[in-house]
Amino acid sequence: MADRHHGGDAEALLRDYLSALLAWNVTLFVRYGVALEAHQQNLALVFGDGPMRLLVKDNDGLLASPRRLHAAGIETPGFGDERMLTDDPYALADVFVTITLHLAAMAVAHGALPGSAATLVGRALTAALEPYGDDPMARLLRARTLEAARLTGKSMVVAGTLVAKDRTGARDVNKFYGTTGPNYLRGA
C-alpha cells in the first residue's frame with residue numbers, strides 16, 4: 001500500500017493512518033462521549049482523490065455517554081444492549097485505550113515500524129488532542145494515555161473464569177479492564 005499510495009514511504013502511510021484514526025476517535029470521545037471498537041476487524045482504509053479515510057463497521061461493541069450525546073444535540077440511541085451506554089468517562093477511556101490505542105494504533109504501528117511506533121502513535125495522539133485544549137474529556141484522555149504511568153488493558157481471562165462475578169467485579173467478559181502494563185508512550 002505504501003508503494004501504491006505514498007511512493008513507497010511506509011512511515012508516511014502509517015502517519016496518515018494514525019492521523020485519520022486518532023483524530024476521528026478523539027473527536028468522538030471528546031465531543032460526543034463515544035468510544036468505538038475501532039480495531040482491525042472493524043476498520044477499512046479508503047483511498048481516493050483526497051486524504052486517506054477510514055470506514056468503520058460492526059459497532060455492536062461501542063460505548064456511548066447519553067449525557068454527552070444529549071449535550072451535543074444528539075438523541076441517545078435505543079440500543080438493545082444497555083451495556084453500550086454509560087456516563088462514566090473512565091469506562092469510555094478504558095475502551096479508547098484498549099481498543100483504539102492498543103489494537104488499532106500501536107499494534108499496527110509496531111507491526112509496520114517497531115523502532116519508531118511509540119513515537120509516531122504519541123505524536124498522532126498529541127496532535128489529535130491539541131484542538132480540544134483544556135476540555136475535561138481531552139484532559140481525561142491525555143491523563144489516561146500520554147501522561148499515565150501504566151495503561152489499561154482488558155482482563156478477559158479474569159472475567160471469563162468461573163469465579164463469581166461479584167468476586168471478580170466483572171460484568172462483561174469483553175468490558176472488564178485492569179491496569180496491566182507500562183505506558184509505551186512515555187519517553188517515546
Side-chain angles (χ1 to χ4, degrees), residues 1-64 92-133 135 137-156 174-175 177 179-188:
M1 280 200 295
D3 288 342
R4 187 171 178 189
H5 298 285
H6 286 282
D9 188 344
E11 186 173 321
L13 174 66
L14 184 58
R15 279 194 315 268
D16 282 354
Y17 166 74
L18 292 171
S19 176
L21 173 77
L22 294 171
W24 174 44
N25 280 280
V26 165
T27 296
L28 288 174
F29 183 89
V30 174
R31 282 192 186 164
Y32 306 104
V34 173
L36 295 179
E37 280 211 345
H39 53 68
Q40 293 86 336
Q41 181 180 333
N42 295 343
L43 291 177
L45 303 179
V46 179
F47 295 96
D49 294 337
M52 177 194 310
R53 294 179 312 245
L54 298 175
L55 175 68
V56 68
K57 64 179 187 81
D58 193 15
N59 279 319
D60 66 340
L62 71 80
L63 200 55
L92 292 165
D94 285 345
V95 172
F96 183 96
V97 171
T98 59
I99 305 300
T100 302
L101 183 62
H102 293 329
L103 292 178
M106 190 60 183
V108 171
H110 183 72
L113 298 168
S116 57
T119 299
L120 292 170
V121 170
R123 286 180 184 159
L125 182 54
T126 299
L129 283 162
E130 189 175 327
Y132 300 102
D135 181 285
M137 290 294 277
R139 282 195 329 260
L140 171 68
L141 199 53
R142 229 178 261 109
R144 297 293 296 265
T145 57
L146 297 166
E147 299 165 358
R150 299 179 67 77
L151 292 173
T152 301
K154 279 192 174 188
S155 298
M156 294 172 72
N174 288 318
K175 298 277 189 291
Y177 304 94
T179 302
T180 58
N183 186 346
Y184 46 78
L185 297 175
R186 289 181 60 133

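Predicted model only: the values in this text are computed from it and were never measured.
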Worksheet item: Does the side-chain hydrogen bond (donor to acceptor under 3.5 Å, both in side chains) test come out yes or no for Tyr132 and Thr27, once each step is laid out?
Response: CA-CA 9 Å; Tyr132 300 102; Thr27 296; 2.7 Å; yes
Worksheet item: Given Thr100 and Leu36, is the side chain to side chain contact (heavy atoms under 4.5 Å, CB included) satisfied, shown in steps?
Response: CA-CA 8 Å; Thr100 302; Leu36 295 179; 5.6 Å; no
Fill in: Steps toward salt bridge (Lys or Arg N to Asp or Glu O under 4.0 Å) verdict (Arg144, Asp94)
CA-CA 8 Å; Arg144 297 293 296 265; Asp94 285 345; 2.5 Å; yes
Item to complete: Take Leu21 and Val108, measure what side chain to side chain contact (heavy atoms under 4.5 Å, CB included) needs, and give me the verdict at the end.
Response: CA-CA 11 Å; Leu21 173 77; Val108 171; over 6 Å; no
Discussion item. Before you tell me yes or no, could you show the steps for Phe96 and Val26 under side chain to side chain contact (heavy atoms under 4.5 Å, CB included), namely the whole-Å CA-CA distance, both residues' side-chain angles and the distance that decides it to 0.1 Å?
Written reply: CA-CA 9 Å; Phe96 183 96; Val26 165; 3.9 Å; yes
Discussion item. Let's go through Val56 and Trp24 carefully: what are the C-alpha distance in whole Å and the side-chain angles of both, what is the deciding distance for side chain to side chain contact (heavy atoms under 4.5 Å, CB included) to 0.1 Å, and is it a yes or a no?
Written reply: CA-CA 11 Å; Val56 68; Trp24 174 44; 3.3 Å; yes
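When all heavy atoms are compared, the tightest approach of Ala93 to Leu140 is CB-CD2, 4.4 Å. Between Arg186 and Glu147, the shortest heavy-atom distance links the atoms NH1-O, 2.8 Å. Closest approach of Ala107 and Leu103 over heavy atoms only: CB-O, 3.3 Å. Nearest heavy-atom pair, Ala109 versus Val121, reported as atom, atom and distance to 0.1 Å: CB-CG2, 3.7 Å. Scanning both residues, His102 and Tyr184, for their nearest heavy atoms gives ND1-OH, 2.7 Å. In plain terms, the two heavy atoms of Ala117 and Met106 that are nearest each other are CB-CE, 3.8 Å.
Rounding to the nearest 0.5 Å gives a distance of 11.5 Å between CG of Leu62 and CD1 of Ile99. Remark: Leu18 CG to Leu125 CG distance equals 10.0 Å, nearest 0.5 Å. Atoms CD and NE2, on Glu11 and His6 in that order, are 11.5 Å from each other to the nearest 0.5 Å. If you take CG on Leu101 and CG on Asn25, they are separated by 10.5 Å, rounding to the nearest 0.5 Å. One finds the CG atom of Leu120 at 13.0 Å from the NE2 atom of His110 (value rounded to the nearest 0.5 Å). The structure places CG of Leu22 at 8.5 Å from CG of Leu129, a figure rounded to the nearest 0.5 Å.
Under the 3.5 Å distance criterion, the side-chain polar atoms of Arg142 are left unmatched by any main-chain donor or acceptor of Met137. Within the 3.5 Å criterion, the main-chain N or O of Met52 finds no donor-acceptor partner in the side chain of Asp16.
No more than 12 heavy-atom neighbours from other residues, nucleotides or ligands sit within 6.0 angstrom of CZ on Arg123.
You'll find the side chain of Leu146 reaches within 4.5 Å of the side chain of Thr126, heavy atoms only. When side chains are defined from C-beta on, Phe29 does not count as touching Val34, because their heavy atoms never get closer than 4.5 Å. Considering only heavy atoms from C-beta on, Leu54 stays 4.5 Å or farther from Val46 through its side chain.
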